[in-house]
Amino acid sequence: MTELTKLFNAILTGDNKTAIACTQQAIAEGVQPMELITSQMIPAMAEVGRRFESEEYYVPELLLSARAMKGALALLRPLLAASGTQPVARIVIGTVKGDLHDIGKNLVSSMLEGGGFEVVDLGTDVTPEKFIQAIQQHQANIVALSALLTVTMPMMKNTIEALKQASLRDHVKVMVGGAPVTREYADSIGADGYSESATGAVAVARQLAPVS
Amino acid sequence: MRLLWPVNWRLFRNEAHMKREYYLQLAAGGLRLPIGIDLVLHDSPDPQRILRDGSLLGEVVETAARRYASPLAVPLMDLTLEKEDLLRILGTPEAEAETFHFGEAPSEGALQLVRDSSRTPFGTRGQAHIDSVHYIAGKTALLPVGMAIGPFSLMTKLMADPITAIAMAGMGMTPEGDASVLLAERCLELAEMAIARSLEAQIKAGAKAIMICEPAANIVYLSPRQINSGSDIFERYVMRPNLRIKKQLASAEVDLIFHNCGDLVGLMVEQFATRLDPAILSLGSSRVLWEDAALVPKDVVLFGNLPTKKFYSDDAMPTSQVEAMTLELIKRMRAIGHPHILGSECDVLHVPGAASAIRSKVEAMLTCGR
């Protein structure tokens, strides 16, 4: 039998190959996908987040762990879909129009996936129209807007306004973040949630997620 | 306002290198300098036209220097120019340059194309930047300062996922063993060549100092954990290329102004200060300058580092806080006796809807306590 803690350790150390190999073996041995996720993968990413917060880990370590986690998750997704298992919530994420920065957004995306959310990552320079289209297409519960530049922050407000215009605002929660974004700014544009860190974003998303 | 610093930089030239005394005297005279060219640029109804015309851009740089009573004509911090130029040489249209990333390691043919590009004209915006330096050198008494992105930072702009690639290299993966490491190393090689070409043109245009902006050489891209464990990623990907740039500038008797507004660890600050030996070291607001001074030789002027990225917001950064931070920074730097020019942590960008808030805080940093 596979030692499932190997998967935990592989994700913790960012060992992509081992994470995939462990997952493949566990699947072959009939371990339930949700067991792998809840007992190993989510705790591993939570520990990665803790180490990141305490500055034992930095962004590169976090991304390596996220890559290992995604590698394992890619093997499990088809099995989860086949069994009808639902994610915690479905989140559409992107960096707003005019802004090409993606590091913070990628970190948040990875941590959300590690936290059990289904994430639809639209990339950078995302127009309000693309956000709306993705929210509708994926039936998203939450939309996460990222901006690094002070000059592109106003596009967060524009995107929220566009959600209102599209009559989506009551159906989707909005969370925002990025280096220049403050809680005051988030409140001023009518966002539902704000986090100043990638790990904090997971907690915010849990608060905003629909109660199942 | 009476100027307390020497405005005629020509008095300070010697056979090899502009004397450090010039910058030290600027610091001692209490120069305060926001890199606020973007604010002046947006006084115009048509900034895009100016960015494509060297004389007009030169006038904007001159106006900014005069507005802020600075003898240094610091240009617009446009860190897209070298990428645009590089990709143009390789046949990628200007409109696609900003979002372009290499999907696989650039070929030897691509590298050769850039190596052979010394006679290839620059694009319109790149040439305008060079011409603006020429304008300052020819038509004003200001110190003509050039500007270029640093090689590591340009490399990160050429790849979709530079962090993972560098982290893989930090784990010991080689270009032969990992495609992403090969991609990073080839992109770095391209970046260095594009920057060398840009510097050469700016030097020919009359630049006497050049600001190299390496904001990506920070702990987001380079793990201190890996560096502390003995990885040479910082040395290999940041220091060596920048030392070659330093050599290029020194051989042309051009001073280095090194800018990095990213999150750094002390080791990085120390290496930039002692090994690159810039005339001015510009750091971001995450650093405590009066503590960093212990890592920096006394003939390297520290520049910065008010949190100007927050100036747009009266909640995040009220004017009273700008004034308090200004006065504290000046007081602390005087107390430790390290040469310092009070400045912005980066380019002070124009933010639509917040222009007056930003301008009033720039004014506050320039005038408070005087």
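Proteins get letters first, then strands, A, B, ... in listed order; numbering begins at 1 in each.
No part of I166(B) comes within reach of chain A, as not one of its non-hydrogen atoms sits under 4.5 angstrom from that chain. Proximity to chain A is absent for every atom of A354(B), based on heavy atoms less than 4.5 angstrom apart.
Between R186(B) and F102(B) there is no side-chain heavy-atom pair separated by less than 4.5 Å. At least one side-chain heavy atom of L63(A) sits less than 4.5 Å from a side-chain heavy atom of L107(A). Counting heavy atoms from C-beta outward, V181(A) and L145(A) have side chains that stay 4.5 Å or more apart. Looking at L366(B) and P34(B), their side chains come closer than 4.5 Å, going by heavy atoms from C-beta outward.
Aromatic ring centres of F234(B) and F152(B) lie farther apart than the 6.0 Å criterion allows.
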Atom pairs (donor, acceptor) spanning chain B and chain A, under 3.5 Å:
| from | atom 1 | to | atom 2 | distance (Å) |
| --- | --- | --- | --- | --- |
| S223(B) | OG | E61(A) | OE1 | 3.1 |
| S223(B) | OG | E61(A) | OE2 | 2.4 |
| R225(B) | NH1 | E56(A) | O | 3.2 |
| Y312(B) | OH | P180(A) | O | 2.6 |

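Atoms CD1 and CD1, on I160(A) and I189(A) in that order, are 4.0 Å from each other to the nearest 0.5 Å. We find the CG-CZ distance between L87(B) and F100(B) to be 5.5 Å, quoted to the nearest 0.5 Å.
Taking P352(B), P307(B), A316(B), P224(B) one by one and counting their heavy-atom pairs under 4.5 Å with chain A, the maximum is reached by P224(B).
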